[in-house]
Amino acid sequence: MAVNVLMVAEKPSLGQSIAHHLSGGKMHSRRAALDVHEFEGRFRGAPAHFKVTSVIGHVLSIDFPAKYQSWETTEPSSLFDAPTIKSESNPKAHVCRHLQNEAKGCDFLVLWLDCDREGENICFEVMEHTVGWMRKRPGQQVFRAHFSAISGPEINAAMGRLGEPNKNEAQAVDARQELDLKVGVAFTRFQTRFFQGKYGNLNAAVVSYGPCQTPTLTFCVERHQRIAAFQPEPFWVVRPHVTKAGQRLDLEWGRGRIFDMDVAQMFQRLVADAKHLKVTSVSEKEDRRSRPHGLNTVELLKIASSALNVGPHHAMQIAERLYTSGYLSYPRTESSAYPKGFDFKEVLAAQCRNPVWGEYAGALLSSGFAPPKGGTDAGDHPPITPVRGASEAEIGGGDSWRLYDYVARHFLGSISPDCVFRRTRASFACGTETFSASGSVASKPGFTAIMPWRAVEGTPLPPLAEGESLQLQEVELHQGKTSAPDYLSESELIGLMEKYGIGTDASISVHINNICERNYVSIQAGRKVVPTELGITLVRGYQLIDPELCRAQVRGHVEHEIGLIAKGQADKDAVVAHTLHEFRQKFLFFVAKIARMDALFEASFSPLASSGKVLSKCGRCSRYMRLIAARPSRLYCPTCEEVFNVPQGGAIKLYKGLACPLDGFELVLFSLSGPDGRTYPLCPFCYNNPPFEGASKKSLEAGGKSGMPCTLCPHPTCRHSVVRKGVTACPECEGGTVVLDPVSAPAWRLDCNSCSFLIYLPKDLHSVAIPKDREPCEDCGSKLLALDWNKKSSPLEGDKTQFTGCVVCDPFLQPLCEVKHGRAYMKRNGGRGGRRGRRGRGRGRGRGRSRDGNPLMSFSDF
């Protein structure tokens with residue numbers, strides 16, 4: 001009897017590739033929440049039916065329970081002791097339900113998640129939603145595949161050596177997630193509320209703290225502080241000018257440089273008085289430039305930034321795409337040494353057909369090669385190598401090709417001979433002073449033939465003989481100044497993060513990207529990382545209050561403890577409890593001494609009272625509030641001294657002087673740019689303090705804060721609420737309502753209050769309203785719309801201009817409407833693009849058309 005085997009990959013593309021390699025291409029696929037590929041084969045000696053599907057990264061995400069979500073009512077210090085919950089990362093993608101459905105009736109589970117700590121953690125997330133739904137059998141039912149590349153031989157070999165998931169490594173990830181959540185959120189909420197409530201030009205959505213992010217920023221600020229404190233100092237160098245065989249010798253003074261001009265002038269005269277330069281020794285020796293070790297993640301990121309001008313975050317995205325497409329091996333590895341038994345010939349043979357370096361690879365294969373020596377085998381994955389030969393056209397050109405080109409050349413260089421060159425050094429005497437010169441020339445280029453940027457630079461010295469005397473032409477006294485160090489480059493910053501254990505090979509690029517996005521640093525010419533005023537002020541504040549909050553060694557110690565959990569040498573709960581206790585004490589001290597940091601902010605940023613422009617009336621004091629346009633946008637009442645968050649990423653303006661019936665605050669309009677950008681009203685007070693439970697949504701860039709616009713307000717009598725403006729349930733998302741956009745004239749439309757779905761109503765309408773005295777549509781329950789056309793363009797018969805009907809199922813209205821997707825004002829939580837929502841809402845037969853005349857989905861399709 002055949003057994004049923006469920007196999008789960010980390011991404012849909014990986015699942016498809018794994019199924020293709022294991023089935024030999026003989027599989028059939030079906031659509032579900034995530035694609036499923038099925039084929040027949042054998043498993044552990046028995047005939048088997050295989051199902052291969054995937055997740056989309058982490059199945060679950062960690063967060064606080066609902067009672068701790070409010071920034072206004074939750075004391076940040078309580079978060080250190082708060083419970084945490086894990087919920088579905090992509091609830092609209094229905095990954096958990098999909099795994100449960102596919103696990104039913106299965107006998108075995110094979111996990112094909114990425115082979116790192118995060119992958120191990122996802123293994124246990126998958127197991128949580130599959131094992132309980134599988135058939136119960138004696139013996140091992142869950143297996144772990146370990147692989148480093150998406151290639152046929154590697155996938156089949158992994159299938160033949162299945163192991164078990166590593167609980168210790170999964171717990172190490174759980175520990176890091178809990179620590180980063182509690183420490184980061186506690187500090188971030190306190191800082192954000194404190195400083196955004198006082199200063200108007202911070203230009204940051206949140207004033208965040210991160211256990212890895214902040215030490216990374218500190219490296220940049222400490223370099224800035226060294227530059228700012230640097231005082232240039234003049235120096236002088238004696239430079240005799242002499243030529244031999246028409247070639248000018250570039251001489252180095254034995255004393256280097258002198259910082260006293262009078263002393264330097266004395267040495268200049270002594271050298272000039274000698275008039276001749278005597279050769280005291282000439283030596284020549286063969287030297288070598290060693291070929292590179294294998295390529296690990298950190299080295300790849302450094303090279304991408306310094307040589308390819310590709311930022312680390314973008315470089316990792318490219319490398320992951322190349323990996324999932326089968327062109328590169330797994331790009332997250334700490335190893336720079338190849339493991340024993342690594343098949344160099346297979347990788348080399350795949351490159352022989354490449355139009356650029358195929359001939360070089362073929363020569364290595366035929367003449368022989370030597371595996372590289374040295375490097376570090378971290379035991380995780382082999383170094384990054386090309387898996388499949390490809391041309392620039394196949395890769396797609398651009399940065400993807402440049403990255404692939406470098407990885408391939410680095411691999412070829414790592415198994416090529418060393419570069420051999422001859423170095424000549426000559427010493428000279430002139431009076432009491434000594435000088436030297438050197439030259440070099442390559443004799444065997446070795447690996448530099450495929451990595452020309454590593455070639456030996458320099459020119460050979462002209463023929464020189466010991467005891468030879470050369471006539472001085474001039475003795476120059478060169479004056480210079482000591483120069484400050486430059487700002488850190490991304491490559492240097494990555495090196496410092498690796499040295500001090502800040503982040504992992506998987507997260508280094510994320511931390512650098514975070515400090516860029518949060519306006520703490522900017523990337524300038526040469527990919528230099530320059531801290532902003534906000535970044536400098538934050539780090540200076542930490543240094544004044546508690547330097548350990550931003551010191552790299554503290555995070556390095558935490559990472560060491562997490563590493564002990566992964567090795568099974570430390571208890572997860574004990575490490576988390578001890579670390580949280582330490583940071584809680586630091587947090588309380590930080591709060592008590594915040595005035596020290598505030599003094600720095602006061603010197604650098606403008607107070608709210610003098611920022612922004614007058615906009616709308618406060619419902620409490622009836623005085624005008626000011627709109628602070630600097631990021632994040634917010635409203636500030638100088639009289640009440642209260643700040644009100646507003647949605648981010650769009651424009652805010654007054655809404656006809658209308659007021660909220662609940663609190664008296666004047667309504668404002670939030671608008672996104674573009675022809676399909678949304679516009680909707682909101683009450684500043686209700687948006688920040690939703691009066692109805694469950695009515696709030698997370699706004700686009702509100703730092704995780706919840707807000708309730710009028711389109712979500714269920715107030716039964718307010719004319720701006722969803723009760724009065726709502727027309728029908730959204731066909732594309734769960735819980736959304738399609739509402740009438742009251743300011744969309746003349747292009748009247750209906751917008752979903754939760755996703756990007758929208759309906760353009762017929763053209764040339766003079767007005768649109770939802771009649772109060774009309775019953776809903778008998779067929780679908782939607783509210784009817786009262787439409788009034790201009791007389792000259794009315795599609796109605798005769799002189800009629802008014803029509804009342806259902807936009808969902810009326811056969812007259814449907815062909816006149818247009819279904820589109822615009823810029824959403826709420827974040828959509830995953831889901832597969834293009835999937836239709838609930839069906840069977842109406843029975844209309846017409847179809848809307850796009851503006852270019854092409855037919856779109858009819859409302860009856862939903």
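Classification of R402 and D405 as a salt-bridged pair fails, no side-chain N sitting under 4.0 Å from a carboxylate O. The residues R555 and D180 are annotated as salt-bridged, a charged nitrogen and a carboxylate oxygen being separated by less than 4.0 angstrom.
Listed by first then second residue, pairs satisfying salt bridge (charged side-chain N to carboxylate O under 4.0 Å, His left out) with a partner in residues 468-478 read K244-E468, not counting sequence neighbours. The side chain to side chain donor-acceptor pair (under 3.5 Å) contacts involving residues 288-307 comprise S305-E490, where partners must be two or more places apart or lie in separate chains. Within the structure, the ring pair (Phe, Tyr, Trp, His ring centres under 6.0 Å) test picks out the following pairs touching residues 525-555 (sequence neighbours left out): Y209-Y542, Y542-F590. Within the structure, salt bridge (charged side-chain N to carboxylate O under 4.0 Å, His left out) pairs that include any residue of residues 446-463 do not occur (at least two apart or interchain).
Side-chain contact of Q473 with T243: a donor-acceptor pair under 3.5 Å is present, judged by distance alone. Residues Y199 and D598 bring a donor and an acceptor atom of their side chains to less than 3.5 Å of each other. Using modelled atom types and a 3.5 Å distance limit, the side chains of R518 and Q213 yield a donor-acceptor pair.
Crowding of E284 atom CD: a count of heavy atoms from other residues, nucleotides or ligands under 6.0 Å exceeding 12. Atom CZ of R540 has 12 or fewer neighbouring heavy atoms from other residues, nucleotides or ligands inside a 6.0 Å radius.
Contacts of F342 classified as ring pair (Phe, Tyr, Trp, His ring centres under 6.0 Å), with partners at least two apart in sequence or in another chain: Y338, F344.
Judged purely by atom type and a 3.5 angstrom limit, E498 has no side-chain atom pairing as donor or acceptor with the backbone of G503. For the pair S507 (side chain) and V510 (backbone), a donor-acceptor distance under 3.5 Å is absent. In terms of modelled atom types and a separation under 3.5 Å, the side chain of Y500 and the main chain of P215 share no donor-acceptor contact. Under a 3.5 Å cut-off, the side chain of T532 and the backbone N or O of Y520 do form a donor-acceptor pair.
Each of S283, S438, S436 was compared with R425 under the side chain to side chain donor-acceptor pair (under 3.5 Å) criterion, and only S436 meets it.
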Donor-acceptor pairs are to be reported for all side-chain atoms of residues 261-278 against protein atoms at under 3.5 Å, with residues two or more places apart or in another chain.
unit_1, atom_1, unit_2, atom_2, d
Q268, NE2, V475, O, 3.1
H276, NE2, Q471, OE1, 2.9

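In this pair, Y406 and W453 present their aromatic rings tilted. The plane angle is within the 30 to 60° band.
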Note to self: Go through it in stages, so that I can follow the logic: the residues are K586 and E548, the test is salt bridge (charged side-chain N to carboxylate O under 4.0 Å, His left out), and I'd like the CA-CA distance, side-chain angles, deciding distance and then a yes or no.
What the structure shows: CA-CA 9 Å; K586 290 183 175 296; E548 287 191 347; 2.6 Å; yes
